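Just below is one structure, and these are the notes that go with it.
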Amino acid sequence: MRSVLLRRATRSLSTAAESVSAATPSVPLLINGRFVESSSPSSVPVHCPATQELLATTPIATQDEMRAAVDAAVVAFPKWAATSVSNRARIFFRYQELIRKHEEELAELLTSEHGKTIDDAKGDIFRGLEVVEHACSITSLQMGETVPGVANSTDVHSYRMPLGVCAGIAPFNFPAMVPLWMFPMAIACGNTFVLKPSERVPLTAMRLASLVQEAGLPDGVLNIIHGAHDAVNFICDTPEIKAISFVGGDAAGKHIYERGGSNGKRVQANLGAQNHAVVMDDADPEAVCNALLAAAFGAAGQRCMAISRVILVGNAKSLVPMLSERASSLTVGPGNVRGTDVPPLITPQAKARTERLVSAGVEAGASIPLDGRGVNVEGHPDGNFVGPTILADVTPDMECYRNEIFGPVLQVMYADSLDEAISTINKNRYGNGTAIFTRSGAAARKFTHEVDVGQIGINLPIPVPLPMFSFTGSRGSILGDHNFYGKGAVTFYTQWKTVTSNWKTTQNEGLSMSMPTMK
């Protein structure tokens, strides 16, 4: 079934007579409504993380191909911006219906290229679908402002106008959700879009693009290019691109923010994270263990909102044996096998890095109640598997703490008080998400008001806001003034145009050289 889906996802999109290889299809570009084969001699392999099977190759688009994608977006913009907001919304009503209809196909495709479990893939798709549903409300979200009678016979109207061509650079860890954070809201606001999905997981994004075309999106409104550093720099440097959305690592995000910003572009960049959970000694042990296991080891820890650190306050440190026992019972295996809890990491390099940082923690003095290094998964000797790992007695000076491991590793720290736990979190440079587990309303309120983190969960571990709000990571986890999706997206993807009009019914009052005051 997986091979059938892969062939369907690549060959059916391409306008070329044949792919480069019948066994290894090349992922097409999307330019001006057509899926076209790249002429580039260079490509990046797309491997199944569980088996290393070569699924496809992602071309490194040429400069001419990237230029053609932007040109198509430029040409499509005037007509799309002039399309009524109601008709733009109707496309997304149809689009959300198509995503639901093809959920199983999308989930299997996503699992094949990323490795996450089928159920987790469906969650990835659903969280993106929610943003598409929110885009259907663009008729209300994009409303402007007006004040009649600001002066004699004078009215003021402000409109939210689209920017033009926008671009998105997506990460590997959410092949569906993050692209759907980007282009639906940008396009619903009247912009055209150039998307660069991760070269490691392009197949899901391409299928999502084909579905939005099926929903009726005009040619050139959404275009897709592939590549790595050169494609990123092209997006940053091309003057027709007015705004860039990015989700990924610190180094790339800072580069895009600085280079894009220096070229006069708006940039929103979600960066790294080191999310802490605080467990008070009055918390429900069963609920805490279940929440932490899912938040730390789901998707093999490859989530920007994963709980990778837990601070146990006071007697809560007695939870470590229970956590270790429960985590040891989780099933490590391929994402497409029913019953798998912890899937593989994205690449062999990610596996090696995770195991190295775990070893560094042990060498620095951390204890290791549960060691997932060297785990064997029957029938999958080449998979990028690391089992659930718990490092205890971790301190902020350790290399494992200072780095975002991005693997199935939970680091356990201890504190004598809630104040000490809050201090530890606030000293960390990141502010993406955090959580507290407690039965005390006073403790929860104190934590909420004193912790310097943008997204807070109380008795739940991954507090990702729904799309009617915005994703509000803070401090070192974001660069830019505007947040993803929700009201923040409308602000980011539009600019104000304010019209002051005067229609007097009285006779002209004559020339005045003084500053107009509109009384």
Side-chain angles (χ1 to χ4, degrees), residues 44 46 49 58 60-61 110 113-116 124 127-128 131 166-183 186 193-205 208 224-237 241 243-261 265-275 299-306 308 345-347 349-350 353-354 403-407 429-433 454-455 464 470-480 482-485 488-489 492:
V44 175
V46 180
T58 306
I60 302 299
L110 195 158
E113 63 177 346
H114 179 276
K116 64 178 64 179
D124 185 331
R127 291 310 296 259
V131 179
C166 300
I169 302 169
F172 79 85
N173 58 325
F174 287 101
M177 182 184 77
V178 172
L180 291 173
W181 278 9
M182 296 176 177
F183 73 81
F193 207 84
V194 176
L195 175 67
K196 193 201 86 66
S198 169
E199 63 274 16
R200 287 181 278 181
V201 291
L203 302 175
T204 305
L208 288 168
I224 298 181
I225 62 175
H226 301 298
H229 300 91
D230 287 347
V232 168
N233 288 336
F234 173 85
I235 289 171
C236 290
D237 296 343
I241 293 174
I244 305 171
S245 298
F246 168 82
V247 176
D250 288 6
K254 290 174 182 176
H255 171 79
I256 292 164
Y257 182 75
E258 292 170 1
R259 187 160 179 162
K265 303 182 192 305
R266 293 186 181 184
V267 181
Q268 55 177 185
N270 273 9
L271 310 180
Q274 294 176 1
N275 306 314
Q302 298 172 117
R303 295 170 176 157
C304 62
M305 286 294 285
S308 55
L345 293 169
I346 186 67
T347 61
Q349 293 79 12
R353 181 178 182 274
T354 296
N403 285 272
E404 184 179 15
I405 296 179
F406 227 56
R429 68 183 184 276
Y430 294 109
N432 216 35
Q455 299 171 115
V464 178
S470 292
F471 191 94
T472 55
S474 63
R475 293 196 288 142
S477 294
I478 187 172
L479 288 172
H482 303 296
N483 304 111
F484 281 83
Y485 61 80
F492 182 73

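Just so you know, these numbers come straight off a predicted model, no measurement behind them. Side chains are part of it too, since the values below use all heavy atoms of this structure and drop only hydrogens, waters and symmetry mates.
Using cut-offs of 30° and 60° for the angle between ring planes, the Phe172 and Phe406 rings count as perpendicular.
Ala167 and Ile241 get closest at one heavy-atom pair: CB-CG2, 3.8 Å. Shortest non-hydrogen contact noted between Val178 and Ala170 is CG1-CB, 4.2 Å. Taking every heavy atom of both residues into account, Gly488 and Ser470 meet most closely at N-OG, 3.2 Å. Considering every non-hydrogen atom in both Pro175 and Glu113, the closest pair reads CB-OE2, 4.0 Å. Pairing each heavy atom of Cys304 with each of Asn275, the nearest pair is O-ND2, 2.8 Å. Ile244 approaches Lys265 most closely through the heavy-atom pair CD1-CD, 3.7 Å.
Residues satisfying the side-chain hydrogen bond (donor to acceptor under 3.5 Å, both in side chains) criterion with Gln455, sequence neighbours excluded, are absent altogether. In this view, Asp230 satisfies the salt bridge (Lys or Arg N to Asp or Glu O under 4.0 Å) rule with no residue, not counting sequence neighbours. Residues passing the side-chain hydrogen bond (donor to acceptor under 3.5 Å, both in side chains) test with Asp124, sequence neighbours excluded: Lys116. With sequence neighbours excluded, no residue forms a ring-ring contact (aromatic ring centres under 6.0 Å, His included) with Tyr430. Taking Arg475 as the reference, Asp452 meet the salt bridge (Lys or Arg N to Asp or Glu O under 4.0 Å) condition, with sequence neighbours excluded. By the salt bridge (Lys or Arg N to Asp or Glu O under 4.0 Å) test, Arg259 is found to be paired with Asp237, residues two or more places apart in sequence or in another chain being considered. In this structure His482 satisfies the side-chain hydrogen bond (donor to acceptor under 3.5 Å, both in side chains) test with no other residue, sequence neighbours excluded. Listed by chain and number, the residues in a ring-ring contact (aromatic ring centres under 6.0 Å, His included) with Phe484 are Trp181 (sequence neighbours excluded). Remark: Ile478 engages Asn270, Asn483 in a side chain to side chain contact (heavy atoms under 4.5 Å, CB included) (not counting sequence neighbours). Applying the side-chain hydrogen bond (donor to acceptor under 3.5 Å, both in side chains) rule to Ser245 yields the partners Gln268, Tyr493; only residues at least two apart in sequence or on another chain are considered. Under the side chain to side chain contact (heavy atoms under 4.5 Å, CB included) criterion, Ile60 pairs with Ser40, Ser42, Val44, sequence neighbours left out.
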Exercise. Is there a side-chain contact (heavy atoms from CB on, under 4.5 Å) between Met305 and Phe471 once you walk through the steps?
Worked result: CA-CA 11 Å; Met305 286 294 285; Phe471 191 94; 3.9 Å; yes

Problem set entry | Leu271/Val247 under side-chain contact (heavy atoms from CB on, under 4.5 Å): CA gap, chis, key distance, verdict | CA-CA 6 Å; Leu271 310 180; Val247 176; over 6 Å; no

For this session: Please test Met177 against Leu110 for side-chain contact (heavy atoms from CB on, under 4.5 Å), starting from the C-alpha separation and ending with a verdict.
Result: CA-CA 11 Å; Met177 182 184 77; Leu110 195 158; over 6 Å; no

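With Ser477 contributing its side chain and Gly473 its backbone, the two residues share no donor-acceptor pair below 3.5 Å. Using a distance-only test at 3.5 Å, with no hydrogens or angles considered, a donor-acceptor pair links the side chain of Arg127 to the main chain of Val464.
The shortest distance between side-chain heavy atoms of Val131 and Phe183 does not fall below 4.5 Å. Proximity of Val232 to Ile256: side-chain heavy atoms (C-beta onward) are separated by under 4.5 Å at one or more points. The shortest side-chain heavy-atom distance between Asn403 and Arg353 falls under the 4.5 Å cut-off. In this structure, the side chains of His226 and Pro202 come closer than 4.5 Å at one or more pairs of heavy atoms.
Side-chain contact of Ser308 with Glu404: a donor-acceptor pair under 3.5 Å is absent, judged by distance alone.
Rounding to the nearest 0.5 Å gives a distance of 11.5 Å between CG of Leu345 and CG of Asn173. From Ile169, atom CD1 reaches atom CE of Met182 across 8.0 Å, with rounding to the nearest 0.5 Å. Distance check, rounded to the nearest 0.5 Å: CD of Gln302 to OG1 of Thr354 gives 7.5 Å.
Sequence neighbours left out, the pairs with a member in residues 194-204 that pass salt bridge (charged side-chain N to carboxylate O under 4.0 Å, His left out) are Lys196-Glu199.
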